Protein chains: 2
Amino acid sequence: MKATRWLSDDEQRVWRSYLLANQLLWASLDRQLQRDAGMPHAYYIILAMLSEAPNRELTMSQLAKVVISSPSRLSHAVAKLEQAGWVRRRKHETDGRTTLASLTDDGFAVLAAAAPGHVEEVRSILFDPLTPEQVDQLGAIVSAIVAGQDGRPPHL
Amino acid sequence: MKATRWLSDDEQRVWRSYLLANQLLWASLDRQLQRDAGMPHAYYIILAMLSEAPNRELTMSQLAKVVISSPSRLSHAVAKLEQAGWVRRRKHETDGRTTLASLTDDGFAVLAAAAPGHVEEVRSILFDPLTPEQVDQLGAIVSAIVAGQDGRPPHL
DNA sequence: CGCAGAAATTTGAACTCTCAACTATCATCG
DNA sequence: CGATGATAGTTGAGAGTTCAAATTTCTGCG
């Protein structure tokens, strides 16, 4: 039973500010996308990643990896997106286990329509308040955090 | 109709890394708290903020402000916490509109039991991978983001 | 005083996410 | 070939969040 390494006052402050900034950021992003595109950010990312894939198509597993989602969450989400007519699913020809999800033209149109507003929101909340140096620093910081997680149980 | 200011390649990279780091962080925090304390992070914060309040008690409005939550979300959350016996609600004596929420002894005990593991998780994911300078930089960055949001419609 | 509007909070329905269980298919090895 | 385990994905139930609508109580003003 090791003694807990509590956070220093500085760390505490940074952590709380981080929570606050994050909350503000997500609240704004989700609200903007819900209002302008009728979908949460998680769904937007799915469409965006599909749009960049070769032939605008990925297997569910590949898609889960790029959007960092559990298979379950992705399955539910894609079901909804398919209902909306923005994504289509079909079976893989040679491997009966895998499902291919592809972006429909409607889905692409919705994505294209939503993108400018979304980018504007990200920019105004995240990038505009930061100096160019801070943007660089932030890049290094988040990379370090991600790198620190490599080799940990994924659990997603 | 202004032309969209798209993200530069660098900004794009930072943004995607940010999303990834965030996803990893929240997935870990929520999973750890759910496993060890049987509650999501949002509920943990509610207990934590109450524990720091004078007399371990706040009005719903005050509580909503410090945990950055919509009144609705908070109301639902406190209802659950009350069901669990960790929070108690009572009417304000002089202002019949406001409700006071207070942390029970059980709630405090649960919080105290969960805190070490939670802090350890935050530390290992967020602070351990960063140099002390990066922690300082991150503090400045999130503060700038928060400051940039002041005066915007809260919408929470 | 009495009424219009503001403030504090709650409620219910719809939606999303999580977790565990389940189905189906493929790979491998004796 | 046939069992065993690994892969890929889905499903259903339960929990949490959002949004809009309602409820109750206070405040200020004519």
Side-chain angles (χ1 to χ4, degrees), chain A residues 22-23 26-46 58-84 87-101 153-156, chain B residues 22-23 26-47 58-84 86-101 153-156:
Chain A
N22 230 243
Q23 200 77 295
W26 284 107
S28 293
L29 288 185
D30 268 335
R31 206 152 16 73
Q32 184 267 326
L33 277 173
Q34 193 66 56
R35 173 167 43 76
D36 296 351
M39 70 182 112
H41 184 259
Y43 289 19
Y44 177 91
I45 291 285
I46 292 174
L58 288 173
T59 70
M60 294 298 279
S61 293
Q62 295 171 325
L63 190 50
K65 257 182 206 60
V66 295
V67 305
I68 328 270
S69 166
S70 69
S72 174
R73 168 153 71 139
L74 183 62
S75 193
H76 284 297
V78 169
K80 277 277 175 188
L81 291 171
E82 190 168 33
Q83 242 180 272
V87 168
R88 199 177 301 117
R89 269 187 292 196
R90 62 183 181 80
K91 282 251 153 281
H92 187 100
E93 293 89 356
T94 74
D95 188 334
R97 289 171 300 181
T98 83
T99 303
L100 282 286
H155 278 308
L156 280 181
Chain B
N22 232 245
Q23 198 78 295
W26 284 107
S28 293
L29 287 186
D30 267 335
R31 208 153 16 75
Q32 185 267 327
L33 277 173
Q34 194 66 57
R35 173 168 42 78
D36 296 350
M39 70 182 113
H41 184 258
Y43 289 18
Y44 177 90
I45 290 286
I46 292 173
L47 298 189
L58 289 172
T59 71
M60 293 299 277
S61 293
Q62 295 171 327
L63 190 49
K65 258 183 206 59
V66 294
V67 305
I68 328 271
S69 165
S70 69
S72 173
R73 168 154 66 142
L74 183 62
S75 192
H76 285 297
V78 170
K80 278 276 176 188
L81 291 171
E82 190 168 35
Q83 243 181 269
W86 297 336
V87 168
R88 199 177 300 117
R89 269 188 291 196
R90 62 183 182 81
K91 282 251 153 280
H92 188 102
E93 292 90 357
T94 74
D95 189 334
R97 290 171 300 181
T98 83
T99 303
L100 283 286
H155 278 307
L156 280 181

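Values in this document were obtained by computation on a predicted structure and should not be read as measured data. Values reported hereafter were calculated over all heavy atoms of this structure, with side chains retained and with hydrogens, waters and symmetry mates removed.
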- Item | Selected nucleotide, minimal atom distance to B:Thr99 side chain, candidates C:dC26, D:dG12, C:dT9 | C:dT9

- Assign each of B:Met60 and A:Met39 the nucleotide of DNA chain C bearing its closest heavy atom; nearer the 5' end lies the nucleotide of B:Met60

- Between A:Ser72 and A:Asp95, whichever has its closest DNA chain D nucleotide further toward 5' is A:Asp95

- Message: Measure CZ/A:Arg90 against C1'/D:dG9 and give the value in whole Å, please.
- Response: 16 Å

- Rounded to the nearest 0.5 Å, how far does CD1 of A:Ile68 lie from CG of B:Asn22? 11.0 Å

- Would you please say whether a donor-acceptor pair under 3.5 Å links the side chains of B:Gln34 and B:Asp30? no

- Task: Specify the separation, in whole Å, of atom CG of B:Leu74 and atom C1' of C:dT11.
- Result: 14 Å

- For the side chain of A:Thr98, starting at C-beta, report the closest nucleotide among D:dA8, D:dG16, C:dG12. D:dA8

- Task: May I ask you to say what B:Asp30 touches in the nucleic acid, namely base, sugar-phosphate or nothing, with a heavy-atom cut-off under 4.0 Å?
- Result: nothing

- If you round to the nearest 0.5 Å, how far is CD1 of A:Ile46 from OG of A:Ser69? 6.0 Å

- Regarding the side chain of A:Arg31, the nearest nucleotide among D:dC19, D:dA8, C:dA8 is D:dC19

- Message: Assuming nearest nucleotide by heavy-atom distance, tell me which of A:Gly38 and B:Gln62 is located more 5' along DNA chain C.
- Response: B:Gln62

- Note on the structure: In whole angstroms, the gap separating P of C:dA14 from OH of A:Tyr43 amounts to 16 Å

- Task: From the options C:dC17, D:dT10, C:dT11, select the nucleotide whose nearest atom is closest to the side chain of A:Ala42.
- Result: C:dC17

- Out of curiosity, B:Met39 CE to B:Ile45 CD1, how far, rounded to the nearest 0.5 Å? 10.5 Å

- Note on the structure: From the candidates C:dT9, D:dT17, C:dT18, the one with an atom nearest any side-chain atom of B:Arg73 is D:dT17

- Message: What contact category does A:Arg35 fall into here, base, sugar-phosphate, or nothing, at under 4.0 angstrom with non-hydrogen atoms?
- Response: nothing

- Message: What I want to check is whether an N or O donor and acceptor connect the side chain of A:His76 with the base of D:dG9 at under 3.5 Å.
- Response: no

- Check if the side chain of B:His92 and the base of C:dT9 share a donor-acceptor pair of N or O atoms closer than 3.5 Å. no

- Pair B:Arg89-B:Leu100, side-chain contact (heavy atoms from CB on, under 4.5 Å): steps then yes or no: CA-CA 6 Å; B:Arg89 269 188 291 196; B:Leu100 283 286; over 6 Å; no

- Task: Tell me which nucleotide among C:dA7, D:dT11, C:dT10 gets nearest to the side chain of A:Ser75.
- Result: D:dT11

- Task: Can you tell me the distance, in whole Å, between the CD1 atom of B:Ile46 and the P atom of D:dG16?
- Result: 10 Å

- Considering only side-chain heavy atoms of B:Thr59, which listed nucleotide, C:dT9, D:dT11, C:dT16, is closest? C:dT9

- Task: Please determine, for the side chain of B:Arg97, which listed nucleotide (C:dT11, D:dT25, D:dG16) has the closest atom?
- Result: D:dT25

